[in-house]
2 protein chains.
Amino acid sequence: MFKPITIKDIALALDLSASTVSRALSDSYEINPETKKRVLEYAEKNNYKRNPIALSLKQRKSYSIGVIVCEVANSFFSQAIDGIESIAYKNGYNIVISQSHDSSDQEIMNIQHLANRSVDGILISLSAETTNFDHIQKLHGAGLPIVFFDRIYDGLATHKVSSDNKKGAKMATQHLINKGYRKIAHLANAPHLSITKERLAGYQEALTENGFKVDPSNITYCHHGGSSQKEVDTAVQYFLSMKDKPDAIFVASDRLSIGCLTALKKFSGNNYDPAIAGFSNSDVLDLFKSDFSSIRQPAFEMGRVATDLLIQLIESKYPVHEYQSVVLGTELIERIKSKPRN
Amino acid sequence: MFKPITIKDIALALDLSASTVSRALSDSYEINPETKKRVLEYAEKNNYKRNPIALSLKQRKSYSIGVIVCEVANSFFSQAIDGIESIAYKNGYNIVISQSHDSSDQEIMNIQHLANRSVDGILISLSAETTNFDHIQKLHGAGLPIVFFDRIYDGLATHKVSSDNKKGAKMATQHLINKGYRKIAHLANAPHLSITKERLAGYQEALTENGFKVDPSNITYCHHGGSSQKEVDTAVQYFLSMKDKPDAIFVASDRLSIGCLTALKKFSGNNYDPAIAGFSNSDVLDLFKSDFSSIRQPAFEMGRVATDLLIQLIESKYPVHEYQSVVLGTELIERIKSKPRN
DNA sequence: ATGAAAGCGCTAACAA
DNA sequence: TTGTTAGCGCTTTCAT
């Protein structure tokens, strides 16, 4: 079938030893330029390619990094992946993407799969469901480099890259307040996620600073990150069921923003039209939903930074003990209008 | 650092030979149940994991398949990837995704990278730019299993999975005609892509059957698949510059649909508002652009079928010479209104 | 039922 | 400068 040419073949053909060929190929200096040329030419002519698997086995290194996100069909993550790619490729690394679909079990399976010595390190944004970190803990303890991005787990001493969620949430909430909205609800992600807590804190801080009281009944969580629309529907219906309905909603994520707008479109009659501001990196939404304000995260940059840190970790000669927590700024795109007087 | 336990370690600890341990682990039957139990228990307790790289080297098989698409941040492809995942994982395969970003050079690099014996087969949807197939040809000739999906290259004898592009395009065009539109332009993808030709054919057939004449000046191509918005802007501006502007546009792809709507929003004044129907798998667009009719492709299913065929190819004992071309149906989601009389 | 040995493709320490 | 040898972790004849 598919039997590529090996170093041995070259050695045989050129009447050299395998090691000499290897040396020629890896541009070692302790070699006769003449021999080197012969080898290189022969290799080129016969389309020789290093077998990366053999190399991996030998070097205990695969030059590939695992990426775990909840889903690629999400503007934020696909942009982050582009950033990851850009740095990984530049450094000679492959990336292996797997999706948790916000399921903790799936995430564990993915991690195990990747960790089985086939990736040199892992870049992970946690699933909405994950509350138990044993598997990650263990792997990290065993020496596998791991860098968190976006959805962080603070309990692990390693590099972390996220955006300034609190500030972003605060900006968004303040923006709603500025526009005249007075009962601002919060559609939140799974409660244990780092981003959930931070965004909640920003929301609360904005309210408090403006003399509003924080009413827990104005906050609904989506425990599965909105991975099923039903979950979001339920949350939105809850808002709709309130006697005094919110006049604005601050939505915690890209996924939820889409889900929330979908649900509102489905359930709310013409007489109810709350202002919406939410985290979102969707170009499409931004473009066609003209009354939706969004907080944009520097997803591409986040991917780049996280990958850079991971590769540093992987390639470090000595165990690293100083870990960084990088926090990137967000941007508010204002689209909603002032609240109409009535 | 990260030094996992190996078969040797187990053998040493249990005073057995490596081969016996291997047999126990791989559930061979020529082994003493007692020994087997001991090994299994020890392995379990010490968290033994097979080294997949060593296995790959030995078996000349990596249990991973490469996927090449233009970008994951595209509803159609991300849905297809979900389908690919579902089948791949079920069969014990990993997937390695890489993006061509519709650049031919990038695509070649990706293919080379994947093909270097580190994947067992490749699933590919061609980049918009690709006109030279030598690299694919060569790899396929060398025995690497390749399955095309969506954007096919007919010149290669292998499995192909696509949707019924011609029919879909025809439906869409007919739909526009039914709604009363008379000058229907076509915003097409790169001219050499299979999908471009098929969709063009459907468009033309619908026009012809309805007694319209096909006017080439109503057709604009995006040679890079709309990977830069500028390209789409130019195309749309061309339509806008026409003396007799089209009253409807049939758009060839997901990416282009978004690009086209974006461009129209940017450039067209209030006095020009053509009806748009296009290929798109975007939930968001579907939801919030209420006057946009879309042709939906069974992306998930396409991914499933293609992966299934690829795995068949990979696991076939004998060279396969009978290749399938699977064509899946599309669905038209009608949203645009009838043309207003004036 | 178990072990010894070879080999997958490659590199690197050591010898020559 | 080049060759020899061993070994990365695993499976698989072939002996025992």
Side-chain angles (χ1 to χ4, degrees), chain A residues 1-40 42-43 46-64 92 115-120 142-143, chain B residues 1-40 42-43 46-64 92 115-120 142-143:
Chain A
M1 286 241 120
F2 189 53
K3 172 87 173 89
I5 173 175
T6 74
I7 277 194
K8 263 190 185 166
D9 299 327
I10 302 185
L12 214 62
L14 265 43
D15 199 28
L16 291 166
S17 77
S19 35
T20 306
V21 175
S22 171
R23 274 189 282 253
L25 257 16
S26 47
D27 204 25
S28 163
Y29 48 99
E30 48 175 21
I31 193 170
N32 186 324
E34 193 54 43
T35 333
K36 185 161 145 188
K37 206 176 131 228
R38 277 173 64 216
V39 171
L40 256 29
Y42 187 90
N46 294 75
N47 195 26
Y48 168 81
K49 293 278 153 52
R50 259 195 173 75
N51 179 333
I53 291 178
L55 202 64
S56 291
L57 183 59
K58 177 74 193 170
Q59 324 238 191
R60 287 114 160 287
K61 177 147 192 200
S62 65
Y63 280 99
S64 69
N116 275 352
R117 284 303 308 132
S118 65
V119 295
D120 298 334
Chain B
M1 288 239 122
F2 189 53
K3 172 86 174 89
I5 173 175
T6 74
I7 278 195
K8 263 189 185 165
D9 300 327
I10 302 184
L12 214 62
L14 265 41
D15 200 27
L16 289 166
S17 77
S19 29
T20 306
V21 175
S22 171
R23 274 189 281 254
L25 257 16
S26 47
D27 205 25
S28 163
Y29 47 99
E30 49 172 23
I31 193 170
N32 186 324
E34 194 54 43
T35 329
K36 184 162 146 186
K37 206 176 132 228
R38 277 173 65 217
V39 171
L40 256 29
Y42 186 90
N46 293 76
N47 194 28
Y48 169 79
K49 292 278 151 52
R50 260 194 171 77
N51 180 332
I53 291 178
L55 201 64
S56 291
L57 183 59
K58 180 73 193 169
Q59 324 236 189
R60 286 113 161 289
K61 177 149 191 199
S62 66
Y63 280 100
S64 70
N116 274 352
R117 284 304 307 133
S118 65
V119 297
D120 298 334

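Computed from heavy atoms alone, side chains included, the values below leave out hydrogens, waters and symmetry copies. Just so it is clear, the model here is predicted, and its values are computed rather than measured.
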With sequence neighbours left out, write down each residue that passes ring-ring contact (aromatic ring centres under 6.0 Å, His included) with Tyr42(A), or none if nothing qualifies.
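Scan of Tyr42(A) (ring-ring contact (aromatic ring centres under 6.0 Å, His included), adjacent residues dropped) gives none.
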Rounded to 10°, the angle between the first-five-pair and last-five-pair axes of the helix from dA1(C)-dT16(D) to dA16(C)-dT1(D) is 50°
Distance in angstrom units between [X] [atom1] and [N] [atom2], rounded:
X        : N       : atom1 : atom2 : value
Ile53(A) : dC10(D) : CD1   : C1'   : 13 Å
Ile7(B)  : dG7(D)  : CD1   : P     : 18 Å
Leu57(A) : dC10(D) : CG    : C1'   : 8 Å
Lys8(A)  : dT5(D)  : NZ    : C1'   : 13 Å
Asn51(A) : dC8(D)  : CG    : C1'   : 13 Å

Heavy-atom side-chain proximity of [X] to [Y] below 4.5 angstrom:
X        : Y         : answer
Ser62(A) : Ser118(A) : no
Ser26(B) : Arg50(B)  : yes
Tyr48(B) : Leu25(B)  : yes

Count the heavy atoms belonging to other residues, nucleotides or ligands that lie under 6.0 Å from NZ of Lys37(A), then report whether that count exceeds 12.
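Not buried by this count: 12 neighbours or fewer within 6.0 Å.
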Would you kindly compare Lys36(B) and Thr6(A) by the position of their nearest DNA chain C nucleotide and give the one closer to the 5′ end?
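Its nucleotide being nearer the 5' end, the pick is Lys36(B).
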Select from Ile31(B) and Ser26(A) the residue whose nearest nucleotide in DNA chain C is closer to the 5' end of that strand.
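Its nearest nucleotide being more 5', the pick is Ile31(B).
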If you measure only the distance, is there a donor-acceptor pair under 3.5 Å linking the side chains of Ser19(B) and Ser22(B)?
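Judged by distance alone, the side chains do not pair up.
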Remember a base hit wins even if backbone is also touched, and classify Ser56(B) as base, sugar-phosphate or nothing at under 4.0 Å, heavy atoms.
nothing
Residues forming a salt bridge (charged side-chain N to carboxylate O under 4.0 Å, His left out) with Lys36(A), sequence neighbours excluded
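Listed in chain order: Asp27(A).
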Starting the side chain at C-beta, find the nucleotide from dC10(D), dG9(D), dG7(D) nearest to Tyr48(B).
dC10(D)
Please list, in numerical order, the residues of residues 12-25 of chain A that have a heavy atom closer than 4.0 Å to any atom of DNA chain C.
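Under 4.0 Å from DNA chain C: Ser19(A), Ser22(A), Arg23(A).
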Apply the test side-chain hydrogen bond (donor to acceptor under 3.5 Å, both in side chains) to residues Lys49(B) and Asn51(B): give CA-CA distance (whole Å), side-chain angles for both, the deciding distance (0.1 Å), then the verdict.
CA-CA 6 Å; Lys49(B) 292 278 151 52; Asn51(B) 180 332; over 6 Å; no
In residues 8-15 of chain A, what donor-acceptor pairs under 3.5 Å come from side-chain atoms, sequence neighbours left out?
{"from": "Asp9(A)", "atom 1": "OD2", "to": "Thr6(A)", "atom 2": "N", "distance (Å)": "2.8"}
{"from": "Asp9(A)", "atom 1": "OD2", "to": "Thr6(A)", "atom 2": "OG1", "distance (Å)": "3.4"}

Note: chain A reaches DNA chain C at heavy-atom distances under 4.0 Å over the stretch, first to last nt, 5' to 3', of dC8(C) to dA13(C)
